[in-house]
Amino acid sequence: ETPCEVSTSVAGIPPSSFSLFPNPFREMVSISVEDGSQVLSVQLFNTSGQLVFEQKNPSLPLDLRHLMSGLYFLSVETSTGTIQRKLIKN
């Protein structure tokens, strides 16, 4: 088997200027980027790497109540870079 590595790095955005809450979540997730950049798109992947949610110019907070409980990987594209974080649904 080949190990799978997931980056939670932030390209071009200081970690202190990005927040994702609540995490873990039940229904809604808020994304805040405090450096004035705009959220352009959001993608959510399951642990198998399958895209389970995608939204361009998303309305926030994100309504993710349709997802099953578990671990997900969130990718947020902003006007200044891309942010990747782990997200847990209860």
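Below, each value reflects all heavy atoms present in this structure, side chains not excepted, and no hydrogens, waters or symmetry copies. Along the sequence shown, the residues carry numbers beginning at 1. Every value quoted in this text rests on a predicted model; they were computed, and no experiment measured them.
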Atom [atom1] in [X], atom [atom2] in [Y]: separation rounded to 0.5 Å?
X	Y	atom1	atom2	answer
L87	F21	CG	CZ	12.5 Å
S75	L51	OG	CG	10.0 Å
F25	S30	CZ	OG	11.5 Å
L64	R26	CG	CZ	14.5 Å
R85	L74	CZ	CG	9.0 Å
D63	E27	CG	CD	7.0 Å

Identify the heavy atoms of [X] and [Y] that sit nearest to each other, and give their distance.
X	Y	answer
K86	L71	CB-CD1, 4.1 Å
P22	M28	CD-O, 3.6 Å
S59	L62	O-CD2, 3.8 Å

Heavy atoms, side chains only, cut-off 4.5 Å: are [X] and [Y] in contact?
X	Y	answer
N23	V29	no
P58	V39	yes
V52	Q43	no
K89	M68	no
T78	F18	no

Q38 and N57: CA distance, side-chain angles, deciding distance, side-chain contact (heavy atoms from CB on, under 4.5 Å) verdict: CA-CA 9 Å; Q38 179 182 355; N57 301 310; 4.3 Å; yes

Option among N46, T47, L44 that satisfies the side-chain contact (heavy atoms from CB on, under 4.5 Å) test with F73: T47

Criterion side-chain hydrogen bond (donor to acceptor under 3.5 Å, both in side chains) on T82 and E77, from CA distance to verdict: CA-CA 4 Å; T82 301; E77 182 187 356; 5.7 Å; no

